[in-house]
2 protein chains.
Amino acid sequence: MCSNCPMQSDRDAGAATETLETPRFSPLYQQIKGLLTRGLKSGEWRPGEPIPSEIELAARYGVSQGTVRKAVDELAAENLLVRRQGRGTFVATHHEPRTQFRFLRLRPDHGAAPGPMASRILECKRLRAPVDIARALRLRTGEGVVVIRRLLSFDGKPVVLDEIWLPGAQFRGLNADRLGAYEGPMYGLFESEFDTRMIRASEKLRAVGADAVAAKTLGVAPATPLLLVERISYTYEDRPVEVRRGLYSTREHHYFNELA
Amino acid sequence: MCSNCPMQSDRDAGAATETLETPRFSPLYQQIKGLLTRGLKSGEWRPGEPIPSEIELAARYGVSQGTVRKAVDELAAENLLVRRQGRGTFVATHHEPRTQFRFLRLRPDHGAAPGPMASRILECKRLRAPVDIARALRLRTGEGVVVIRRLLSFDGKPVVLDEIWLPGAQFRGLNADRLGAYEGPMYGLFESEFDTRMIRASEKLRAVGADAVAAKTLGVAPATPLLLVERISYTYEDRPVEVRRGLYSTREHHYFNELA
DNA sequence: TAGTGGTCTAGACCACCGT
DNA sequence: CGGTGGTCTAGACCACTAA
């Protein structure tokens with residue numbers, strides 16, 4: 001055992017039942033998981049890079065390889081890490097094709113492949129956060145935010161009209177030019193240029209009628225039923241960093257979901 | 001090691017690389033998982049009942065407890081089993097409140113709790129499978145199917161109009177009376193009375209306008225945008241056993257989804 | 001208290017990858 | 001070949017539940 005091992009004290013605290021059913025015992029591997037998450041958040045290991053081998057981590061933290069393994073397993077299940085047998089364990093990134101459009105659940109009705117996709121930035125401006133956006137992003141009302149409006153086309157046909165809200169302070173320097181110049185998924189840009197990695201998201205879906213602007217942009221008749229998708233994206237420690245309202249045209253596409 | 005252990009032969013086959021990259025090594029715990037799944041499918045252990053303890057299973061299959069543990073872990077992650085510390089491992093069931101409406105993703109806009117729900121059977125008849133339903137259920141066109149139409153109300157207000165297609169042979173004896181008499185979720189009835197346990201499902205969502213019948217039934221104006229949810233439910237070994245088309249009124253509710 | 005699942009360890013060996 | 005993750009074992013001990 002390593003002498004300055006940060007684990008032991010916590011272990012005892014868990015067993016001691018000090019306060020009224022609050023922490024209630026935290027397994028070692030959970031603590032390791034916390035330390036690894038801290039390393040990810042702090043940028044000690046950056047997206048796409050490998051983290052140290054299990055043996056190294058076990059030595060560093062003064063625990064067995066099996067304990068590290070369980071911690072890494074869970075982080076991999078949460079899509080924070082990617083295991084690659086024979087090569088190592090890597091920090092997940094939005095740049096690889098496999099994880100590129102992980103959060104976009106729209107599929108063409110015919111043909112499994114998503115097909116060629118194009119993104120056109122319609123607008124990118126900065127303004128003060130309205131109440132609802134501020135609350136969702138845990139900002140004060142009136143704090144600066146960035147709003148992006150963009151059109152997503154599948155196979156040349158417009159399909160998704162997005163309105164994206166981001167905390168202004170965190171996305172300083174983001175503008176239409178940079179968005180337009182960037183190839184690849186927007187979350188890749190956020191990750192590389194603004195140190196903000198989207199970990200998970202929750203969505204609320206509704207059916208609504210197309211208003212005049214949406215109808216024109218998406219090339220459908222006014223009042224056409226559209227899928228309204230409201231997304232909140234979270235980064236490390238469940239901190240919300242994006243509100244996205246998308247209008248999906250579901251004439252030739254559908255939103256796909258697996259229920260397990 | 002137990003002498004008639006069914007594992008060894010497979011192990012060797014995996015290492016021998018007999019054919020051109022087909023099976024490619026199957027870990028022991030995967031084989032155990034297969035044996036456990038077989039026991040579940042065959043009804044050796046029924047929904048709600050405990051399976052043997054890890055130590056017993058390890059002895060029966062001639063492997064270590066750790067190997068059984070990994071198999072059970074995966075089955076629990078897939079919601080086929082439920083672990084309960086200090087009590088045992090149980091076969092998952094659609095009867096318990098926790099897993100009761102696991103596949104219904106509709107939530108009220110205000111207030112987290114789904115609130116009181118009522119199901120009214122509008123129709124239950126038997127007819128010959130149309131092409132699309134037959135293909136989805138892997139039946140021949142014209143084979144007998146059951147169609148159920150039912151209305152789901154939240155808090156007294158109609159919200160979901162469902163059309164449910166089931167293979168007739170498997171659901172012999174299902175009729176409106178039995179559906180009406182049954183309290184609780186429909187999947188609970190299917191599980192108890194027809195030996196059919198829904199394991200997972202996939203859904204396709206679209207926005208559509210309400211037709212005359214749907215509008216009247218759901219109490220909305222014709223052409224009101226509704227969420228069309230097409231679900232295919234699967235039982236063991238990914239066998240499809242239900243096609244469900246639901247029209248969701250999203251005036252005061254929304255479809256909730258977590259993206260991980 | 002006995003029995004269950006949950007954690008942790010130490011060590012062996014295997015499958016896969018790059019060099 | 002050496003290093004990585006992946007599998008498997010055997011055994012110790014802990015946390016939880018029910019009787």
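Just so it is clear: chains get the letters A, B, ... in the order the sequence lines come, proteins before strands, and each one is counted from 1.
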Within residues 80-90 of chain A, those residues having any heavy atom closer than 4.0 Å to DNA chain C are A:Gln85, A:Gly86, A:Arg87
Applying ring-ring contact (aromatic ring centres under 6.0 Å, His included) to A:Phe256 and not counting sequence neighbours gives none
Rounded to whole Å, the CD1-P distance (B:Ile55 to D:dA10) equals 13 Å
Rounded to whole Å, the CG-P distance (B:Leu28 to C:dA15) equals 12 Å
For residues 63-79 of chain B, the salt bridge (charged side-chain N to carboxylate O under 4.0 Å, His left out) pairs (sequence neighbours left out) are B:Lys33-B:Glu74, B:Lys33-B:Glu78, B:Glu54-B:Arg69, B:Asp73-B:Arg83
Separation of C:dT4 atom P from B:Gln65 atom CD, nearest Å, is 10 Å
Hits for salt bridge (Lys or Arg N to Asp or Glu O under 4.0 Å) against A:Asp195, two or more places apart or cross-chain, chain-then-number order -> A:Arg46
B:Arg150 meets the salt bridge (Lys or Arg N to Asp or Glu O under 4.0 Å) criterion, sequence neighbours left out, with B:Asp162
Closest to the 5' end of DNA chain C, once B:Glu56 and A:Gln30 are matched to their nearest nucleotides, is B:Glu56
In whole angstroms, the gap separating P of C:dG6 from OH of A:Tyr29 amounts to 9 Å
message: Using only atom types and a distance under 3.5 Å, with no angle test, would you say the side chain of A:Thr99 pairs donor to acceptor with the backbone of A:Arg102?
response: no
Separation of D:dT7 atom P from A:Glu54 atom CD, nearest Å, is 11 Å
A:Gln31 atom CD is separated from C:dT7 atom P, nearest whole Å, by 12 Å
With sequence neighbours left out, the residues meeting ring-ring contact (aromatic ring centres under 6.0 Å, His included) with B:Phe194 are B:Phe171
The ring-ring contact (aromatic ring centres under 6.0 Å, His included) partners of A:Phe90 (sequence neighbours excluded) come to none
Sequence neighbours excluded, the answer for salt bridge (Lys or Arg N to Asp or Glu O under 4.0 Å) partners of B:Arg135 is none
Contact check, residues 45-53 of chain A vs DNA chain C, heavy-atom distance under 4.0 Å, returns none
* **Distance-only donor-acceptor check, side chains B:Ser192 and B:His95, under 3.5 Å** => yes
Contact check, residues 69-77 of chain A vs DNA chain D, heavy-atom distance under 4.0 Å, returns A:Arg69
Across all chains, not counting sequence neighbours, the salt bridge (Lys or Arg N to Asp or Glu O under 4.0 Å) partners of A:Glu258 are B:Arg200
Here the salt bridge (charged side-chain N to carboxylate O under 4.0 Å, His left out) pairs for residues 184-193 of chain B, sequence neighbours left out, are B:Arg178-B:Glu193, B:Glu191-B:Arg197
- Item | Phosphate-side-chain proximity, A:Thr67 and C:dT9, N/O vs OP1/OP2 below 4.0 Å | yes
